[in-house]
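Here's the structure we're looking at; comments come further down.
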Amino acid sequence: MLDARLVSDRLPDFRTALTRRSAAAGASLDRVAVLSEQRRALIQRTEARQAERNAANQAMAKLAKGDPAEFAAKREELKRLSEEVKALEVELAALLAEMDQLLLTVPNVPDASVPDGASEADNVVVRTVGERPAFDFEPKEHWALGQELGILDFERAAKLSGARFSVLSGAGARLERALASYMLDLQTLQHGYTEVSGPLLVKAEALLGTGQLPKFEEDLFRTQRRVAEEDNQADQGALYLLPTAEVSLTNLHAGEVLEASELPLAYTAYTPCFRSEAGSYGKDIRGLIRQHQFGKVELVRVVSPEGSLEQLELLTSHAEAVLKGLGLHYRVSALCAGDLGFAAVKTYDIEVWLPGQGAYREISSCSLCGDFQARRAKIRFRSAPKAKPELVHTLNGSGLAVGRTLVAVLEQYQQADGSVRVPEVLQERLGTDVLRPG
RNA sequence: GGAGAGGUGACCGAGUGGCCGAAGGUGCAUGAUUGGAAAUCAUGUGUACGGGCAACCGUACCGAGGGUUCGAAUCCCUCCCUCUCCGCCA
């Protein structure tokens, strides 16, 4: 969420910056500006009356022991004043609520270094790493390889759960586990992340903190609670399936004031992620690329505002380290303003080469969110022991999406006979250096 | 699922209608004392919003929301959370 006061003080700057995302994003500020002017005036009016009422009530306390007739008269008078104050308070609360609701739907402002552009097509490749593997045969897609190897089964998954679910078995399940475990070890042992294992069901509040709610409810799976019938508050306590561990890791410190010495905090978690993604049907129907449930190792950093852009470079390098370790060819793109996620100030997508598809596909997305999430989740820190609390900056990135990594390993390491070599760093965990069909 | 207890500042803990943003203690900070430290003493020590160049002033906040009242941390209602015991359970 943006700072309401900053927005109203520097409206043109914010509008210009948000318009880089889209015209609609820029226009969303107009109403904010109007409301914030009203807010200031109404606060002043309300507080003046409150002060008046408080003073009168003070006098009343002293009067209480004295003249009963005067007391009664004063009481009538105060009753009117009190009602007036209450009306103002209601009006103010409504105004503040409207403003908050509105601000919660306004996306973050792109950093100056983010390239212009409207869509994916305008993203800028900043580096390409490793060699594109060469094949003297027609490389297959991962779903074909997986099914021939007998480790990937979509029909049986559909039997259980419908479309967009998968079953990995045997070496497939083991490969998934080996990948996740390799990633976690790398991030914790080499890069200093603290591993976390937490809830997979989270409250709406947490999703509001990181920005999935209120705008993107349709992408989420919401659970239902069995509650007493006739209870129209059934939805109040509803829990959502975690769409990404970014939510739980970032919200770990929601509402807290941290000490500067605790920063930066670095967390990682391997969790399943659940996404409904209404409207995505038709894209990537086959295979593991787009699933309702997928495993992901997430990286989250909570840092002080200064130097947070460098922290994004660092986080991105941590995600890349996984691909380098696995010997996978990939490239890194800076997302253009129009393709940036809701909460992001700046984002690098890491795209791995999938020879079967003949395309680079996103395998990690690393974002700096500035103070946008921190303001929503109320995560602050003190730069010095006595200093006022300030908002932290948050970053998140996949390190990496495990399912898509498995896809990349299958496709990049495939051989003419349908077998798949096992990347060196996984051989010990898997107990083999090659997966064979049959 | 059943029974009970409770949610107050960084922490402990008092407070049953006005003098309570909140006693007392601990912690922390600054100062005094000391060769230095401990102990002791003094002072200070929440957040947000509004006004002001500033010192500062005002308003709100005692789990959340609503109600009663001229006035609520205090009384009433609803919800959330925590703890204890029993049941069930990986």
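Because the structure is a prediction, the values reported are computed rather than measured. Proteins come first, then strands; the chains are lettered A, B, ... in the order of their sequence lines, and each starts at number 1. What's counted below: heavy atoms across the whole structure, side chains too, no hydrogens, waters or symmetry copies.
- Within the 4.0 Å cut-off from OP1 or OP2 of A48(B), at least one side-chain nitrogen or oxygen of K388(A) is found.
- Between R49(A) and E84(A) a salt bridge is recorded (basic side-chain N to carboxylate O distance below 4.0 Å).
- Under a 4.0 Å N-O distance rule, the pair E141(A)/R286(A) does not qualify as a salt bridge.
- A donor-acceptor contact closer than 3.5 angstrom links the side chains of T394(A) and Q373(A).
- A 3.5 Å limit on both hydrogen-bonding distances identifies no Watson-Crick or G-U partner for G9(B).
- When both distances must be under 3.5 Å, the Watson-Crick or G-U wobble mate of G71(B) does not exist.
- Under the Watson-Crick or G-U wobble criterion, with both distances below 3.5 Å, A22(B) has no partner in any strand shown.
- Partner assigned to U78(B) is A64(B), using Watson-Crick or G-U wobble distances below 3.5 angstrom.
- Comparing U47(B), G58(B), C70(B) by their closest approach to the side chain of K79(A) singles out C70(B).
- Put simply, R75(A) has no side-chain N or O that comes within less than 4.0 Å of OP1 or OP2 on U69(B).
- Using the Watson-Crick or G-U wobble rule with both distances under 3.5 Å, C89(B) pairs with nothing in any strand shown.
- Contact between the side-chain N/O atoms of R49(A) and the OP1/OP2 oxygens of G58(B) is not found at any separation under 4.0 Å.
- Within the 4.0 Å cut-off from OP1 or OP2 of U47(B), at least one side-chain nitrogen or oxygen of R382(A) is found.
- When only modelled atom types and interatomic distance are considered, Q212(A) and E217(A) share no side-chain donor-acceptor pair under 3.5 Å.
- Checking K296(A) against T244(A) by side-chain atom types alone, a donor-acceptor pair falls below 3.5 Å.
- Atom pair L95(A):CG and A60(B):C1' shows a separation of 16 Å (rounding to whole Å applied).
- The partner of G17(B), taking Watson-Crick or G-U wobble pairs whose two distances both stay under 3.5 Å, does not exist in any strand shown.
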Check: Do R301(A) and Y193(A) pass the side chain to side chain donor-acceptor pair (under 3.5 Å) test, and can you show the C-alpha distance, the side-chain angles, and the key distance before you say yes or no?
Finding: CA-CA 9 Å; R301(A) 299 180 72 81; Y193(A) 286 79; 3.2 Å; yes
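- Remark: A32(B) base-pairs with U40(B). Criterion, Watson-Crick or G-U wobble with two distances under 3.5 Å.
- OP1 or OP2 of U69(B) has not a single side-chain nitrogen or oxygen of S82(A) nearer than 4.0 Å.
- With a 3.5 Å ceiling on both atom-pair distances, the Watson-Crick or G-U wobble partner of G58(B) is C49(B).
- For R53(A), no side-chain nitrogen or oxygen approaches OP1 or OP2 of U59(B) to under 4.0 Å.
- One finds a side-chain N or O of N54(A) lying less than 4.0 angstrom from the OP1 or OP2 phosphate oxygen of U59(B).
- With hydrogens and angles ignored, no donor-acceptor pair under 3.5 angstrom links the side chain of K86(A) to the base of U68(B).
- The base of G50(B) is not paired with the side chain of Q44(A) by any donor and acceptor separated by under 3.5 Å.
- Atom pair Q58(A):CD and G17(B):C1' shows a separation of 14 Å (rounding to whole Å applied).
- If you check U59(B), U47(B), C49(B) against the side chain of P389(A), the one that comes closest is U47(B).
- For R5(A) and G50(B), the shortest distance from a side-chain N or O to OP1 or OP2 is below 4.0 Å.
- Taking for each of D3(A) and A51(A) the nucleotide of RNA chain B with the nearest heavy atom, the 5'-most of the two is the partner of D3(A).
- Out of G18(B), A48(B), G50(B), the shortest distance to the side chain of R39(A) is found at G50(B).
- Within 4.0 Å (heavy atoms only), R45(A) reaches no atom of the nucleic acid at all.
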